[in-house]
Amino acid sequence: MVTSVCSIRLPAQTEPSSAPMSAAAPANPWDFNASVSGYLVPHGQSYASPTFTGDHGTLHVEARYNYEAQRTGSLWAGYNLSVGKKLVLDITPMIGGVFGNLNGIAPGLEFTGTFKKVQLYSANEYIFDTDTKAGNFFYTWTQLTYSPVAWFTVGYVVQRTRAYTTPLDVQRGPLVGITYKKINFTTQIFNPGEANPTVVLSLGYSF
């Protein structure tokens, strides 16, 4: 769940420096993001899912909890790729280890396509359960968003998960997010037409 699985992704921005190279402060080679998503699920299934990511050039590392399943953690490593100018495509193939109530190995893929104020983000993985083949599962969190201004985003999100159960195998619904400096807050409402929708509140901080 993207951070990751669940927060709105914004392109990194840097400002040109007019200072001489010798006087410039050394740049931080790492970009970090810490986020937590609160899942307000019907029938007593509510929980929180924290995620931490780090990027250093082409290297991507990630740690998750309550993401693939509740009371389950996962650790990931991947390779960052980026192509395009007007249409920018960022791709990160990954491999992860899952442990806890669910144990397994998971190849994954995250990608973001950005064109002007429109962005498509998708986090996907296939979990090979090392305890039973019946536990093998494909997970996805995919969202399409539009940002009329830099600090405000609206969109639509689709999710397939086994971290909690609902009558629908694939859940979907609207999202709205706001950003202030390095902090973003997003609300997603899954299955809004159902009697008991699921609400996800996500808070992220980039540094």
Side-chain angles (χ1 to χ4, degrees), residues 1-18 21 24-35 37 51-64 67-68 74-98 105-128 138-161 170 172 174-179 181-184 186 188 202 204-207:
M1 281 171 268
V2 107
T3 158
S4 215
V5 119
C6 301
S7 301
I8 296 173
R9 298 218 161 186
L10 299 176
Q13 297 182 356
T14 58
E15 296 184 1
S17 173
S18 59
M21 291 292 291
N28 182 359
W30 283 92
D31 293 314
F32 296 108
N33 179 271
S35 65
S37 294
T51 302
F52 180 83
T53 66
D55 291 279
H56 178 75
T58 57
L59 174 64
H60 175 82
V61 294
E62 190 165 341
R64 306 168 176 170
Y67 190 96
E68 288 78 16
S74 61
L75 296 175
W76 297 80
Y79 188 86
N80 293 320
L81 300 167
S82 183
V83 295
K85 293 183 179 180
K86 291 184 178 180
L87 173 60
V88 181
L89 183 61
D90 298 309
I91 306 171
T92 305
M94 304 189 299
I95 187 71
V98 183
I105 298 173
L109 178 68
E110 294 183 353
F111 69 85
T112 303
T114 305
F115 179 73
K116 296 183 178 180
K117 298 180 179 182
V118 177
Q119 186 176 86
L120 174 66
Y121 167 73
S122 186
N124 307 274
E125 62 182 275
Y126 191 88
I127 302 170
F128 292 93
F138 173 74
Y139 168 90
T140 185
W141 175 290
T142 301
Q143 63 185 41
L144 180 64
T145 57
Y146 173 71
S147 301
V149 291
W151 58 270
F152 181 72
T153 300
V154 295
Y156 197 78
V157 58
V158 174
Q159 176 188 228
R160 187 170 190 259
T161 182
V170 178
R172 73 283 290 180
L175 69 82
V176 59
I178 57 175
T179 300
K181 294 183 178 180
K182 297 182 178 182
I183 299 173
N184 63 69
T186 311
Q188 299 97 1
S202 302
Y205 176 68
S206 300
F207 57 101

R160 versus Y139, closest heavy-atom pair with distance: O-CD1, 2.8 Å
For the student: nearest non-hydrogen atoms of F115 and K86, plus distance: CD1-O, 3.6 Å
When every non-hydrogen atom of S82 is compared with those of V88, the smallest separation belongs to OG-CG1, 4.0 Å
Give me the one residue out of D31, N184, N33 that meets side chain to side chain donor-acceptor pair (under 3.5 Å) with S206. N33
Checking side chain to side chain contact (heavy atoms under 4.5 Å, CB included) for the pair V118/L144: CA distance, chi angles, key distance, verdict? CA-CA 7 Å; V118 177; L144 180 64; 3.9 Å; yes
Report yes if some heavy atom in the side chain of Q188 is under 4.5 Å from a heavy atom in the side chain of W141; otherwise report no. yes
Apply side chain to side chain contact (heavy atoms under 4.5 Å, CB included) to residues W30 and L59 and explain how you reach the verdict. CA-CA 10 Å; W30 283 92; L59 174 64; 3.8 Å; yes
Kindly compute the distance separating OG1 (T112) from CG (L120), expressed to the nearest 0.5 Å. 8.0 Å
NE2 of H60 to CE of M94: how many Å apart, nearest 0.5 Å? 5.0 Å
Note, F128 side chain near V98 side chain (heavy atom, < 4.5 Å): no
What distance do L75 atom CG and R64 atom CZ have between them, rounded to the nearest 0.5 Å? 10.5 Å
To the nearest 0.5 angstrom, please state how far the OH atom of Y79 sits from the OG1 atom of T58. 4.5 Å
Which atom of S147 lies closest to which atom of T153, heavy atoms considered: OG-OG1, 2.8 Å
A quick test of your reading: do over 12 heavy atoms of other residues, nucleotides or ligands sit less than 6.0 Å from CD1 of I105? no
Spacing of I127 atom CD1 and F138 atom CZ [to the nearest 0.5 Å]: 10.5 Å
Parallel, tilted or perpendicular: which fits the ring planes of F52 and F32, with parallel below 30° and perpendicular above 60°? parallel
Value for OG1 (T92) from CG (L109), rounded to nearest 0.5 Å, stands at 8.0 Å
Minimum-distance pair of heavy atoms, taken over all atoms of A106 and E125: CB-OE1, 3.9 Å
Going by distance alone, is a donor N or O of one side chain under 3.5 Å from an acceptor N or O of the other, for T53 and E62? no
Any idea which heavy atoms bring T140 and S122 closest together, and the distance? OG1-OG, 3.9 Å
